[in-house]
Amino acid sequence: MVDWKTKLYEAYVSTEQAAATGDAEAGLSASDFPQLLALIHRHVPPERSIRIADLGCGHGSLIFCLKSLGYEHCSGVDRSSEQVDLARRLGISEVKKGNLDQFLRSGKTGYDLLFLMDVLEHLKKQEVLDLLELAHGALNVGGRIVIHVPNGEGLFGMRVRYGDFTHEVCFTPQSIKQVLRACGFREVAVHEDRPVIHGAISLIRAVLWRILTVRERLILLAETGNMGHILSQNMLVSAKRSPGNA
């Protein structure tokens with residue numbers, strides 16, 4: 001009998017859990033991914049020769065955007081055959097099939113940047129720490145990791161937490177800082193995953209987000225004395241590898 005999680009991962013595209021790609025035969029355009037372009041602009045160093053790996057890369061849309069901007073050394077790994085097959089149909093040859101821990105244990109080191117986008121929530125708690133320790137060891141000193149996870153503190157974070165049957169855990173800004181610091185990372189920063197402005201409709205969404213969350217921010221300010229709460233249903237996290245081992 002096939003393990004239940006393997007069964008769901010193998011059907012990740014056909015069960016519509018994979019991110020929307022449009023028509024695979026028509027190919028991709030970087031302009032279709034404003035959120036990813038904004039992510040790259042904010043969190044990826046400008047040197048195009050850096051080594052980047054996207055762990056749990058899906059069909060490779062982030063790798064596609066990085067390549068379109070001239071980044072030369074990008075690789076990705078995903079355990080879903082459907083996702084990898086889709087990447088091949090889209091012409092993203094850098095996406096390979098495999099388990100993330102095996103990828104990191106294979107001696108692949110010297111990375112300047114690692115991505116874990118919508119990955120950690122699929123793992124059990126011990127697996128989260130094991131993977132982060134492996135990621136820490138695969139980075140150059142001073143290298144960075146960028147993580148996207150559901151936000152249990154968010155107004156609608158449970159939509160994401162329970163939106164995929166393979167999800168195991170959820171995080172808050174405090175708990176993700178806790179595990180990253182325990183695994184040797186420093187300079188941990190957590191960012192709200194707000195709408196990215198790339199046109200009139202997205203501008204309206206961004207303005208509405210700022211206006212409509214004022215009430216909740218004021219309530220939390222009254223209770224905690226802090227105005228800097230992360231209220232989006234997902235959050236973006238960046239951290240730096242410290243010198244030495246975790």
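The two residues Ser29 and Phe64 come nearest to each other via the heavy atoms C-CE2, 3.7 Å. Taking all atoms of both residues into account, the shortest heavy-atom contact from His59 to Ile92 is O-CD1, 3.4 Å. For Glu216 against Leu212, the heavy-atom pair with the smallest separation is OE1-O, 3.3 Å. Residues Val77 and Lys97 come closest through the heavy atom pair CG2-C, 4.2 Å. The two residues Gly152 and Cys170 come nearest to each other via the heavy atoms N-SG, 3.4 Å. For Val196 against Pro34, the heavy-atom pair with the smallest separation is CG1-O, 4.0 Å.
One N or O on the side chain of Arg48 and one on the backbone of Leu69 form a donor-acceptor pair closer than 3.5 Å. Between the side chain of Arg186 and the backbone N or O of Arg181, at least one donor-acceptor pair lies under 3.5 Å. In terms of modelled atom types and a separation under 3.5 Å, the side chain of Ser202 and the main chain of His198 share a donor-acceptor contact. Between the side chain of Glu133 and the main chain of Cys183, no donor-acceptor pair closer than 3.5 Å is present. Side chain of Arg241 to backbone of Leu139: a donor-acceptor contact under 3.5 angstrom is found. A donor-acceptor pair under 3.5 Å is absent between the side-chain atoms of Gln233 and the main chain of Arg159, judged by distance alone.
Between the side chains of Gln35 and Asp193, at least one donor N or O lies within less than 3.5 Å of an accepting N or O. For the residue pair Glu10 and Ser80, no side-chain donor N or O sits within less than 3.5 Å of a side-chain acceptor on the partner. A donor and an acceptor atom, one from each side chain of Thr6 and Arg79, are located under 3.5 Å apart. Using a 3.5 Å distance cut-off with no hydrogens or angles, the side chains of Asn151 and Asn234 do not pair a donor with an acceptor. Checking Gln83 against Asp78 by side-chain atom types alone, no donor-acceptor pair falls below 3.5 Å. For Tyr9 and Asp3, the side-chain atoms include no donor-acceptor pair closer than 3.5 Å. There is a side-chain donor-acceptor pair under 3.5 Å between His229 and Thr224.
Val13 and Leu8 sit in two unconnected hydrophobic clusters of ILVMFWY residues. Membership requires side-chain heavy atoms under 4.5 Å apart, directly or through other members. Val146 and Val188 are assigned to two separate hydrophobic clusters, defined by single-linkage of ILVMFWY side chains at heavy-atom distances under 4.5 Å. In the hydrophobic clustering of this structure, Leu100 groups with Ile176; members are Ile, Leu, Val, Met, Phe, Trp, Tyr whose side-chain heavy atoms approach within less than 4.5 Å, directly or through other members. With hydrophobic clusters built from ILVMFWY side chains whose heavy atoms lie under 4.5 angstrom apart, Leu66 does not share a cluster with Val119. The hydrophobic cluster containing Val160 does not contain Phe171, counting ILVMFWY residues as joined when their side-chain heavy atoms lie under 4.5 angstrom apart, directly or transitively.
The existence of a salt bridge linking Arg144 and Glu187 is confirmed by a sub-4.0 Å separation between a basic side-chain nitrogen and an acidic carboxylate oxygen. Salt bridge status for Lys67 with Glu72: absent, with no side-chain N to carboxylate O gap under 4.0 Å. The existence of a salt bridge linking Lys5 and Glu168 is confirmed by a sub-4.0 Å separation between a basic side-chain nitrogen and an acidic carboxylate oxygen. In summary, Arg217 and Glu192 engage in a salt bridge, as defined by a charged side-chain N under 4.0 Å from a carboxylate O.
In this structure, Lys7 places its NZ atom where only 12 or fewer heavy-atom neighbours from other residues, nucleotides or ligands lie under 6.0 Å away. The environment of His73 atom NE2 is dense: over 12 non-hydrogen atoms of other residues, nucleotides or ligands sit within 6.0 angstrom.
A heavy-atom distance below 4.5 Å is found between the side chains of Val149 and Met235. Side chains of Leu104 and Leu55 form a contact here, defined as non-hydrogen atoms less than 4.5 Å apart. The shortest distance between side-chain heavy atoms of Ile63 and Val95 falls below 4.5 Å. Residues Glu82 and Ser14 have side chains in contact (heavy-atom distance under 4.5 Å, counting atoms from C-beta outward). Within the 4.5 Å cutoff, side-chain heavy atoms of Arg161 are placed close to those of Met158. With a 4.5 Å cut-off on side-chain heavy atoms, Tyr71 and Ser49 do not count as touching. By the 4.5 Å heavy-atom criterion applied to side chains, Asp85 and Arg88 are counted as neighbours.
From Cys65, atom SG reaches atom NE2 of His41 across 14.5 Å, with rounding to the nearest 0.5 Å. With values rounded to the nearest 0.5 angstrom, Leu218 atom CG is found 13.5 Å from Glu223 atom CD. From Tyr12, atom OH reaches atom CD of Gln17 across 5.0 Å, with rounding to the nearest 0.5 Å. Remark: Leu39 CG to Met117 CE distance equals 5.0 Å, nearest 0.5 Å. Atom CD1 of Ile230 and atom CG of Leu155 lie 11.5 Å apart (nearest 0.5 Å). Between the CD1 atom of Ile219 and the OG1 atom of Thr213 there is a distance of 11.5 Å, given to the nearest 0.5 Å.
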query = Please walk me through it: do Ser75 and Tyr111 pass side chain to side chain contact (heavy atoms under 4.5 Å, CB included)?
reply = CA-CA 10 Å; Ser75 59; Tyr111 288 103; 3.9 Å; yes
key: Intermediate values then yes/no, side chain to side chain contact (heavy atoms under 4.5 Å, CB included), Ile52 and Asp112   = CA-CA 6 Å; Ile52 303 171; Asp112 301 294; 5.9 Å; no
inquiry  = What verdict does the ring pair (Phe, Tyr, Trp, His ring centres under 6.0 Å) test give for His136 and Phe185, after you've listed the backbone C-alpha separation in whole Å, the side-chain angles of each residue and the deciding distance to 0.1 Å?
reply    = CA-CA 7 Å; His136 185 275; Phe185 290 94; 5.0 Å; yes
task = List the steps, then state whether side chain to side chain contact (heavy atoms under 4.5 Å, CB included) holds for Ile40 with Leu62.
result = CA-CA 9 Å; Ile40 294 168; Leu62 177 56; 4.0 Å; yes
CA sep, side-chain torsions, deciding dist, call: Phe115, Cys57, side chain to side chain contact (heavy atoms under 4.5 Å, CB included) = CA-CA 8 Å; Phe115 285 100; Cys57 63; over 6 Å; no
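The only option from Asp101, Val169, Leu131, Leu116 that meets the side chain to side chain contact (heavy atoms under 4.5 Å, CB included) definition with Leu123 turns out to be Leu131.
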